[in-house]
Every structure is written in C-alpha cells, then in structure tokens.
Amino acid sequence: MPQLDTKLKPIVNQALSPIAPSQIRFFAQQFDQIPGIIKLTLGEPDFNVPEHVKEAAVRSIRANKSHYSDQRGIVELREAISHYLKKRFQVDYDAATEIVVTVGATEAIFSTLASIINPGDKIIVATPTFALYWPVIEIFGGIPIQVDTSADNFRLTGRHLQAVLDREGAANVKAVILNFPGNPTGVTYSRAQLQDVADVVKQHAMYVLTDEIYAELTYGQKHTSMAELLPQQTILINGLSKSHAMTGYRIGYFAGPKAFVTNASKIHGFAITSPSNPAQYAALEALTNGLDDAEEMRHVYQQRRDYIVPKLNELGYETQLPAGAFYAFAKIPASFGLTSVEFATKLAEEAKVGVTPGSAFGTGGEGYVRISYASAMTDIQEAMKRLASFTAKMTENVLN
C-alpha cells in the first residue's frame with residue numbers, strides 16, 4: 001500500500017481536519033451492524049416513489065434526454081417549482097432568475113452558505129436541528145452561533161434572536177438558519193411565530209436561510225413559508241426527498257432574490273455542473289401531476305405519530321406531539337444518568353432498537369433521542385415493546 005511521504009506539505013484542507021463526520025450517519029452505520037436491530041434512525045421514508053413519477057424518469061431515458069441540462073436545472077422544472085411555490089405557499093419566484101435546481105437540499109445548503117459567507121461571518125443556527133449546517137459554515141470560514149431553543153419549545157423567538165444579535169454584534173451576523181417543520185423535533189412555526197422572527201430580521205442587513213424540506217408533512221396546521229413574510233431577505237430551500245419519498249433521486253432547489261441567486265448559482269455550477277436529467281424529469285412530473293402524492297404518506301405518518309408519542313410518554317419519555325416531519329424527540333429519564341450517546345448505544349446493544357442521540361443535533365439536543373417514525377407500523381410497535389422491556393430493566397436498576 002502506498003505510504004504518504006511525510007516530507008510533503010499537508011494535503012488535507014486544514015478547515016476539514018477538526019470537523020467530525022455526520023453523527024446522524026455515524027450512529028446509523030454503527031447500529032446497522034447489530035443483527036436483528038429495528039432501525040428508527042434515518043429520515044428515510046419507507047414509501048416507494050409514486051409510479052407515475054418513476055415512469056417520467058424512464059420516459060426521459062428512452063427519449064435520450066441524456067445531455068447536459070441548463071446548470072440551473074431544466075426550464076420546465078424551474079417553472080413547475082415556481083408554480084408550486086405560488087400555489088402552495090403564496091410566494092413569487094421568477095423561474096429564469098430566482099430558482100436553481102440542486103442535487104438534493106443538502107447541495108442547496110452547501111451552495112447557498114458558500115455564496116454568502118466571508119471568513120469571520122457569524123451564522124446563527126437555531127438548535128437542535130439538522131446537523132449539516134455548522135460543519136458547512138466552518139468549512140467556509142464562518143462562525144456558527146448555535147442557539148439553544150429548548151426553553152421555548154424548540155422555536156426561535158424574536159426576543160431570543162434579538163438578544164443573540166445584541167450579544168454577537170448584528171453587523172457581524174450574515175444570516176440565521178431555521179429548519180421547520182423541524183428535524184429532529186417535528187416542531188413547526190405558526191404564521192404569528194414566524195412573523196415575530198421576521199420583524200427582527202428585517203431591521204438588519206442579514207438573510208434568513210429557511211430549510212422547509214418537510215413543508216408538505218404537517219399535521220393539522222398549514223405551512224407558512226418565511227419567504228412569504230420576508231421575500232427580499234429569505235433564501236428558501238426545499239426539495240422532493242420527503243414529499244415524494246425521492247431521497248435517492250437527489251433533487252432539491254433554492255430560491256431567493258435575483259442578486260443572491262446569480263452568485264449562488266456560480267458555486268452550484270462549479271460543484272455539480274448540472275443535476276441528473278432522469279431525476280429532474282421525475283421531479284417535473286411530481287410537481288406537475290403529483291401535488292397530492294404526499295396526502296397518503298402524511299395520513300400514514302400521522303397514524304404512526306399518534307401511536308408512538310403516547311407510548312413514549314406512557315413509558316416516561318417526555319415527548320411533544322410533533323406538528324410536522326416524521327420524528328419524535330423523546331427526553332431520556334434523568335434518573336437513568338446517561339448521556340444521549342450512552343443511552344442510544346445501550347438501547348441498540350441491549351434492546352436492539354436504533355435511535356439517534358440528541359447531541360448529534362447541536363446544543364439543546366443533549367438529554368434527548370430522535371426516533372424516526374418513517375418506518376413500518378409493525379417495526380414501530382415491536383420497537384415500543386422492546387423499549388418498554390428495556391425501560392423496566394433500567395428503572396429496576398435505578399431503584400436497586
């Protein structure tokens with residue numbers, strides 16, 4: 001095996017060295033090695049892509065749609081995204097200049113952050129949340145400011161945001177990141193709660209980067225987009241992975257003011273050239289003839305939520321009823337005396353149930369575990385039985 005010549009200069013970007021890999025993926029992969037484990041770790045819908053969406057991808061291949069597309073995505077798809085955002089969320093984006101199709105919402109996050117961060121810029125991240133944001137911020141020389149929202153039911157308030165801006169210096173803050181409905185909490189914002197945040201942001205020269213990938217998966221509450229309330233300062237990220245179970249197709253998008261999108265599309269183009277054509281034509285079909293495809297999925301997720309959350313509370317794991325997404329964020333009983341990593345590891349090894357430690361989602365996540373109910377009800381029911389037995393043993397040990 002070739003050995004690295006120690007006389008060479010370091011070949012790794014120094015910004016990468018201190019950054020740990022995704023803890024969400026790390027624990028999922030670790031637990032996958034345990035025979036017989038029930039995995040409630042990843043946010044991976046257990047539904048198949050709708051048949052008419054699959055067929056659109058196949059038709060594109062047969063029609064030899066095999067050449068480079070426009071770097072920003074095929075025009076028809078951008079027009080469909082524009083129409084969808086207008087119809088669903090009352091936001092207006094020009095398909096030609098204000099929308100870019102990306103390789104999943106993760107590339108949208110990467111490209112948008114790359115386009116706004118100068119070294120030393122501060123980015124406020126409301127946590128606990130999806131763990132991709134702060135590593136990407138650090139890669140580009142930014143400073144992530146994690147804000148623990150657990151005291152406010154996992155929502156960032158205008159008051160809290162203003163306090164952070166006062167402390168950090170508003171002139172040094174480039175953006176605030178919101179993810180709602182939230183991963184890992186399932187918490188979302190009402191229109192009034194969003195307006196409370198928007199009222200603070202609009203007083204400052206900063207962006208809101210709003211990740212609304214779970215917008216189609218809300219329960220009993222209509223999703224309001226931050227882009228409707230604050231269009232000139234909002235960078236909107238969304239995609240098809242959750243709404244149409246298209247995680248492997250890797251189609252997301254970002255939308256925003258023209259001047260921002262012009263620059264962000266450069267980064268996007270340098271990184272990926274253009275998205276995959278079959279996936280784009282599948283997404284076009286989904287947003288043209290499949291706007292109601294998420295209905296059945298949402299109904300099933302709600303049934304699972306309404307089963308798992310009462311069970312968790314009954315077993316002593318304090319859990320809010322999620323208003324969206326497909327996660328339950330359960331509080332570990334303090335009497336167990338375990339960190340979230342210790343608890344999740346013990347649960348996986350002894351009860352063969354895989355969950356994600358709350359610490360993977362930033363400040364405010366310690367003391368919790370994320371449980372994905374994007375799995376079959378039979379798996380969820382069996383997992384709750386195993387959790388009940390595990391909890392009884394843990395409680396007995398504490399008492400003794």
Side-chain angles (χ1 to χ4, degrees), residues 13 15-16 19-29 41-45 49 71-73 77-78 81 99-117 123 125-140 142 144 146 175-184 207-217 234-256 260-261 264-276 278-280 282-283 286 325-327 356 360-362 370 372 374:
N13 182 337
L16 290 176
I19 297 174
S22 166
Q23 294 299 289
I24 300 171
R25 287 283 182 174
F26 173 79
F27 285 105
Q29 290 167 2
T41 47
L42 295 180
E44 177 72 44
V49 174
Q71 286 195 320
R72 296 189 182 196
L77 177 54
R78 283 182 280 144
I81 291 168
I99 295 171
V100 174
V101 180
T102 60
V103 180
T106 51
E107 190 249 306
I109 293 166
F110 189 91
S111 293
T112 55
L113 286 171
S115 70
I116 65 172
I117 292 175
I123 309 291
V125 186
T127 65
T129 192
F130 183 46
L132 179 68
Y133 307 125
W134 50 89
V136 176
I137 293 167
E138 291 173 344
I139 286 170
F140 293 111
Q146 293 192 37
V176 57
I177 298 179
L178 297 180
N179 165 230
F180 66 97
N183 173 10
Y207 288 109
V208 180
L209 195 158
T210 178
D211 183 347
E212 302 179 22
I213 190 71
Y214 294 98
E216 288 290 342
L217 300 178
T234 297
I235 301 165
L236 173 64
I237 290 174
N238 207 328
L240 284 294
S241 290
K242 313 302 181 181
S243 62
H244 289 76
M246 293 172 64
T247 52
Y249 284 56
R250 310 309 303 134
I251 292 292
Y253 54 88
F254 62 82
F260 160 77
V261 170
S265 64
K266 297 176 190 175
I267 297 292
H268 158 80
F270 293 148
I272 61 103
T273 302
S274 59
S276 162
Q280 288 191 82
F326 38 60
Y327 307 108
T356 307
F361 303 97
R370 188 191 75 173
S372 171

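Only this structure's heavy atoms are used, side chains among them; waters, hydrogens and symmetry mates stay out. Along the sequence shown, residues carry numbers from 1.
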Starting at [atom1] of [X], measure out to [atom2] of [Y] and round the result to the nearest 0.5 Å.
X	Y	atom1	atom2	value
Ile237	Asp211	CD1	CG	5.5 Å
Ile137	Ile123	CD1	CD1	5.5 Å
Thr102	Ile251	OG1	CD1	7.5 Å
Thr356	Leu42	OG1	CG	6.5 Å
Ile177	Phe130	CD1	CZ	11.0 Å
Thr112	Leu236	OG1	CG	10.5 Å

Residue pair Tyr214, Tyr327: steps toward the ring-ring contact (aromatic ring centres under 6.0 Å, His included) verdict: CA-CA 11 Å; Tyr214 294 98; Tyr327 307 108; 5.8 Å; yes
Min side-chain heavy-atom separation Lys266-Ser115 under 4.5 Å: no
Which pair of non-hydrogen atoms, one from [X] and one from [Y], has the smallest distance, and what is that distance?
X	Y	answer
Pro181	Leu217	CG-O, 4.1 Å
Asn179	Tyr133	CB-OH, 3.4 Å
Phe361	Thr127	O-CB, 3.9 Å
Gly362	Gln146	CA-OE1, 3.1 Å

Contacts of Phe140 that satisfy side chain to side chain contact (heavy atoms under 4.5 Å, CB included) - sequence neighbours left out: Phe110, Ala114, Ile117, Val136
For Val261, side chain to side chain contact (heavy atoms under 4.5 Å, CB included) partners two or more places apart: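 Residues passing side chain to side chain contact (heavy atoms under 4.5 Å, CB included) with Val261: Arg72, Val100, Phe254.
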Only distances under 3.5 Å count here; give the side-chain donor-acceptor pairs of residues 238-245 to other protein atoms, sequence neighbours excluded, each with its distance to 0.1 Å.
{"unit_1": "Asn238", "atom_1": "ND2", "unit_2": "Glu212", "atom_2": "O", "d": "3.2"}
{"unit_1": "Lys242", "atom_1": "NZ", "unit_2": "Gly43", "atom_2": "O", "d": "2.9"}
{"unit_1": "His244", "atom_1": "NE2", "unit_2": "Gly290", "atom_2": "O", "d": "2.8"}

Full working for side chain to side chain contact (heavy atoms under 4.5 Å, CB included) between Asn183 and Ile213: CA-CA 10 Å; Asn183 173 10; Ile213 190 71; over 6 Å; no
Qualifying residues under ring-ring contact (aromatic ring centres under 6.0 Å, His included), relative to Tyr253, sequence neighbours excluded: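 Applying ring-ring contact (aromatic ring centres under 6.0 Å, His included) to Tyr253 gives none.
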Counterpart residues, ring-ring contact (aromatic ring centres under 6.0 Å, His included), relative to Tyr207 (two or more places apart): Phe260
Sole candidate of Gln280, His268, Gln71 that passes side chain to side chain contact (heavy atoms under 4.5 Å, CB included) when paired with Val101: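 Considering Gln280, His268, Gln71, a side chain to side chain contact (heavy atoms under 4.5 Å, CB included) with Val101 is found only for Gln280.
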Results of salt bridge (charged side-chain N to carboxylate O under 4.0 Å, His left out) for Arg78 - residues two or more places apart only: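 Counting only residues at least two positions away or on another chain, Arg78 forms a salt bridge (charged side-chain N to carboxylate O under 4.0 Å, His left out) with Asp70.
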